[in-house]
Amino acid sequence: MLAASTTTLPLVLGLSACAGPNPLAGPPPLSADVRALLAAVTAEQQLIYLYKRTMAVYSALTPALGTLLAEHQAHLAQLRARIIEPPGKTVPAAAPSRQPIAGAPTAALARLRTAEQAAVTAQLRRLAGASPSLAQLYASIAASEATHVTVLDGRLHG
Amino acid sequence: MPKMPSVKAELQALQAALAAEHAAVYGYGVAGAMLTGADSAAARGDWESHMTARDTLQAMISKLGAAPVAASAAYQLPLTVHDARSARRLAAVLEDGVTRAYLGLVAVTDRTLRTFGALAMQEPTKRAASWRGSTVAFPGMPAAALSLGRQGARAPE
């Protein structure tokens with residue numbers, strides 16, 4: 001699995017009489033940047049799950065949260081688009097863990113706020129090892145998520 | 001001795017961010033004149049934030065041994081400001097421009113500058129959202145940089 005950039009082409013492995021990757025040795029380990037990208041995908045999936053469940057439980061929050069959910073879905077689409085997957089292997093389609101929703105709307109909003117702030121921090125940690133274009137995507141998503149923190153603060157304290 | 005390519009790229013990105021801050025300082029002067037009450041106070045606060053950011057960038061560029069790009073005497077603003085609504089729109093556009101410029105810094109190799117750029121774009125993004133009344137999914141990113149690549153369009157999860 002590779003991370004796409006404008007300056008790299010997909011790597012195609014083929015059998016060769018010369019020294020090269022051993023096709024019987026199994027897939028090579030994922031590089032750090034691909035692991036980071038997969039972690040970013042998982043994090044967005046978990047945020048999306050949290051938003052959807054919160055809106056399902058507290059439908060009155062839907063007008064306030066719908067736009068933020070849509071932005072996370074757009075984030076996820078862009079992050080997934082950066083992954084070049086070998087044929088037959090797909091990135092998991094949904095959040096791996098199902099977190100319970102808080103017992104009151106205010107607590108649910110606070111939970112979302114905490115999750116958004118954690119997402120901002122996590123995106124910034126991914127910058128160092130990323131390609132320039134991927135770093136810019138992480139930074140842009142982090143900035144978007146920072147505005148979500150502000151929106152949720154407004155709902156909590158407004 | 002010629003500057004190493006990475007330092008040259010860093011300087012270019014810093015100068016671009018400084019130019020954006022100069023434009024924002026100028027533009028808020030125009031926008032602020034059409035705002036009253038809480039909007040006027042917010043514009044003043046944002047104007048001061050841009051001046052502080054400008055000073056920071058000037059110091060960073062000077063430390064690299066280069067002359068910080070100077071502000072222009074005047075700027076051609078992207079829209080005509082004739083009332084409070086257009087003034088708020090201008091403020092959002094100014095913040096979008098600053099956000100884009102800091103995103104340019106994120107592309108440099110130096111990790112400290114990259115983080116600085118990523119952090120620096122958050123406040124203008126929030127201010128833009130406040131002036132516009134709405135958030136966006138990819139602050140600072142040009143449309144051409146956003147694609148669904150090899151996997152094409154997907155239904156939202």
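First the proteins, then the strands, lettered A, B, ... as listed; each starts at 1. When reading the values below, keep in mind they use all heavy atoms of this one structure, side chains included, and skip hydrogens, waters and symmetry mates.
Taking non-hydrogen atoms and a 4.5 Å limit, the residue list of residues 137-145 of chain A in contact with chain B, ordered by number, reads A:L137, A:A139, A:S140, A:I141, A:A142, A:A143, A:S144. When the heavy atoms of residues 123-137 of chain B are compared with those of chain A, the residues falling under 4.5 Å are B:T125, B:K126, B:A129, B:T135, B:V136, B:A137, listed by number.
Scored by the ring pair (Phe, Tyr, Trp, His ring centres under 6.0 Å) test, B:Y75 finds B:Y26 as partners (sequence neighbours excluded). Every residue two or more places apart in sequence or in another chain that forms a ring pair (Phe, Tyr, Trp, His ring centres under 6.0 Å) with B:H50 is listed here: B:Y28.
Side-chain contact between B:F138 and A:E71: absent, with no pair of heavy atoms (C-beta onward) separated by less than 4.5 Å. The shortest distance between side-chain heavy atoms of B:R111 and A:L127 does not fall below 4.5 Å. Inter-residue side-chain proximity for A:V120 and B:Q122 is flagged as met; some heavy-atom pair is nearer than 4.5 Å.
Residue A:L152 is grouped with residue A:Y58 when hydrophobic side chains (ILVMFWY) are merged at heavy-atom distances under 4.5 angstrom, including chains of intermediate members. Side-chain heavy atoms closer than 4.5 Å link hydrophobic residues (I, L, V, M, F, W, Y) into clusters, and following such links, possibly through other members, connects A:I48 to A:Y51. Residues B:L35 and B:L90 fall within the same hydrophobic cluster, defined by Ile, Leu, Val, Met, Phe, Trp and Tyr side chains chained together at heavy-atom separations under 4.5 Å. The hydrophobic cluster containing B:L79 also contains B:W47, counting ILVMFWY residues as joined when their side-chain heavy atoms lie under 4.5 angstrom apart, directly or transitively. Each of A:V149 and A:L124 belongs to its own hydrophobic cluster when Ile, Leu, Val, Met, Phe, Trp and Tyr are linked at side-chain heavy-atom distances under 4.5 angstrom.
Ranking A:G154, A:A130, A:A70, A:G129 against chain B, the residue ahead of the rest is A:A130, based on heavy-atom pairs under 4.5 Å.
Within 6.0 Å of the CZ atom in A:R111, the count of heavy atoms belonging to other residues, nucleotides or ligands exceeds 12.
To the nearest 0.5 Å, atoms CE (B:M121) and CD (A:Q136) are separated by 8.5 Å.
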